[in-house]
2 protein chains.
Amino acid sequence: MAMSIRLINRNTDYAVRALCYMARKKEGLTSVPELVKSLRIPRPFLRKILQVLHNKELLISQKGAGGGFKLAREPKKISLLEVVKVFQGPIKLSECVLQKEACPNKKNCFLRRRLGTIEQFINIQLKPITIEGMIHGN
Amino acid sequence: MAMSIRLINRNTDYAVRALCYMARKKEGLTSVPELVKSLRIPRPFLRKILQVLHNKELLISQKGAGGGFKLAREPKKISLLEVVKVFQGPIKLSECVLQKEACPNKKNCFLRRRLGTIEQFINIQLKPITIEGMIHGN
DNA sequence: GACAAATGATACCATTGTGGTATCATTATG
DNA sequence: CATAATGATACCACAATGGTATCATTTGTC
Ligand code: FES
Ligand code: FES
């Protein structure tokens, strides 16, 4: 029945774990087989995720034998929020459920304002979390 | 592609609108036909929603000709959070994505703590919102 | 009591999002 | 040139969401 709300989904989670792994390594390329062995993520799914991260310019890739991926930036410059956005879109709670349909008093809707506040808070909380922070557990 | 996170879904929205309508009326029963005309919610869907609200004891129902629904409590004693819970379950962000799988350091996971904070904030923000408040726009 | 008007219960359906798989093309190394 | 890797893309299964349909039951009115 009723599911509870989820802020982080599997895509994001896997992506973060992969990014953390690479951050810990610091140097050199990391291949999919290596990640699969360490992180226990289904191989084809992981590949898709890494490709997305590559397209979004969070990873640099090297094709061919001995190839793999590495972080496109320093770990402290990759924020969790960014990863969330890639896989789940921006955090927008205040978008009224009735998108197109006219909402009586959209301008000064009480609920809307509250949701806006919450949205802002979530962003503030998540913004300072970086891959660097995650691997040092703070 | 990536959808943005939604805190309030259609069920909840419709439910709240129906509850507000009844709150505004103050007295007497409200029938499904009446609600359909005023709120433009698909009739069978609205019926299902009202039945849920009835089962969860947020509405009192009267069967038979001239029957309908009315609020089971004063509007100021029905919180939005309660309605959200009915249709979407509790707001639990901190449930790690990997439910069963062991999460390395679940105890002092940084992300987990942050999500806990956010979860708490959302609850604090939503708790004081009641049907009474919604119909007076504050 | 018959009938109409309402809810109760429940089963079903369509669309979409999420999580996951498979396949073939391309590129780089040795 | 063989091999090992990524790039691109299409596909699939399951579940959640949003919505429909149907029949049973209750109640008021004539
Ligand atoms: S509920 Fe739509 S703007 Fe308030
Ligand atoms: S990510 Fe699972 S507990 Fe932190």
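The figures here come from the full heavy-atom set of this structure, side chains too, leaving out hydrogens, waters and symmetry mates. In what follows, every chain begins at residue 1, and chains take the letters A, B, ... in the order their sequences are listed.
Not one side-chain nitrogen or oxygen of Asn11(A) sits closer than 4.0 Å to the OP1 or OP2 atom of dG20(C). In terms of phosphate contacts, Ser61(B) brings a side-chain nitrogen or oxygen within less than 4.0 Å of OP1 or OP2 of dG8(C). Between Arg10(B) and dG19(D) there is a side-chain polar atom (N or O) within less than 4.0 angstrom of OP1 or OP2. Dashed line: the shortest gap from a side-chain N or O of Arg6(A) to OP1 or OP2 of dA15(D) is not under 4.0 Å. Look at His54(A) and you'll find a side-chain N or O under 4.0 angstrom from OP1 or OP2 of dG7(D). Proximity of Arg47(A) to the phosphate of dT9(D): no side-chain N or O atom is located under 4.0 Å from OP1 or OP2.
Residues of residues 62-69 of chain B having a heavy atom closer than 4.0 Å to DNA chain C, listed by number: Gln62(B), Lys63(B), Gly64(B), Ala65(B), Gly67(B), Gly68(B), Phe69(B).
Checked against dA8(D), dG19(D), dG20(C), the side chain of Gln51(A) finds its nearest nucleotide in dA8(D). Comparing dT17(D), dT21(C), dG19(D) by their nearest atom to the side chain of Asn9(B) picks out dT17(D). Listed nucleotides dA8(D), dT6(D), dA9(C) differ in distance to Pro33(A); the shortest reach to its side chain belongs to dT6(D). You'll find that the side chain of Lys48(B) is closest to dA11(C), out of dA9(C), dA11(C), dT21(C). Out of dG19(D), dA6(C), dA8(D), the shortest distance to the side chain of Phe45(B) is found at dG19(D). Checking dT21(C), dG7(D), dG19(D) against every side-chain atom of Tyr14(B), the shortest atom distance belongs to dG19(D).
Evaluation of the ring-ring contact (aromatic ring centres under 6.0 Å, His included) rule for Tyr21(A) yields no partner, not counting sequence neighbours.
Counting any heavy atom pair closer than 4.0 Å across all strands shown, Pro42(A) reaches sugar-phosphate atoms only and no base atom.
Taking atom CG of residue Leu29(B) and atom P of nucleotide dA5(C), one finds them 17 Å apart after rounding to whole Å. In this entry the distance linking CZ of Phe87(A) with C1' of dG17(C) reads 15 Å, nearest Å. When rounded to the nearest whole Å, the span between CG of Leu46(A) and C1' of dG19(C) equals 13 Å. Distance CG (Asp13(B)) to P (dG18(D)): 10 Å, rounded to an integer number of Å. Residue Lys37(B) contributes atom NZ, which lies 13 Å from atom P of dA5(C) at whole-angstrom precision. Atom CZ of Arg43(A) and atom P of dA22(C) are 12 Å apart (whole Å). When the P atom of dG19(C) is taken as reference, atom CZ of Arg17(A) falls 12 Å away, rounded to whole Å. The distance from atom CG of Leu50(A) to atom C1' of dG20(C) is 15 Å, rounded to the nearest whole Å.
Between the side chain of Glu119(A) and the backbone N or O of Leu93(A), at least one donor-acceptor pair lies under 3.5 Å.
Contact between Arg43(A) and Pro33(A) at its shortest, heavy atoms only, is NH2-CG, 4.0 Å. Taking all atoms of both residues into account, the shortest heavy-atom contact from Pro75(B) to Thr130(B) is O-CB, 3.8 Å.
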### Message
Between Leu71(B) and Leu58(B), does the side chain to side chain contact (heavy atoms under 4.5 Å, CB included) criterion hold? Intermediate values first, please.
### Response
CA-CA 6 Å; Leu71(B) 301 184; Leu58(B) 284 167; over 6 Å; no

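For residues 61-77 of chain B, every residue pair satisfying the side-chain hydrogen bond (donor to acceptor under 3.5 Å, both in side chains) rule, not counting sequence neighbours, is listed here: His54(B)-Ser61(B), Arg73(B)-Glu82(B).
No more than 12 heavy atoms of other residues, nucleotides or ligands lie within 6.0 Å of NZ in Lys127(B), so this atom counts as exposed by the packing criterion.
Under the 4.5 Å side-chain heavy-atom criterion for Ile, Leu, Val, Met, Phe, Trp and Tyr, Leu59(A) and Leu29(A) are members of distinct hydrophobic clusters.
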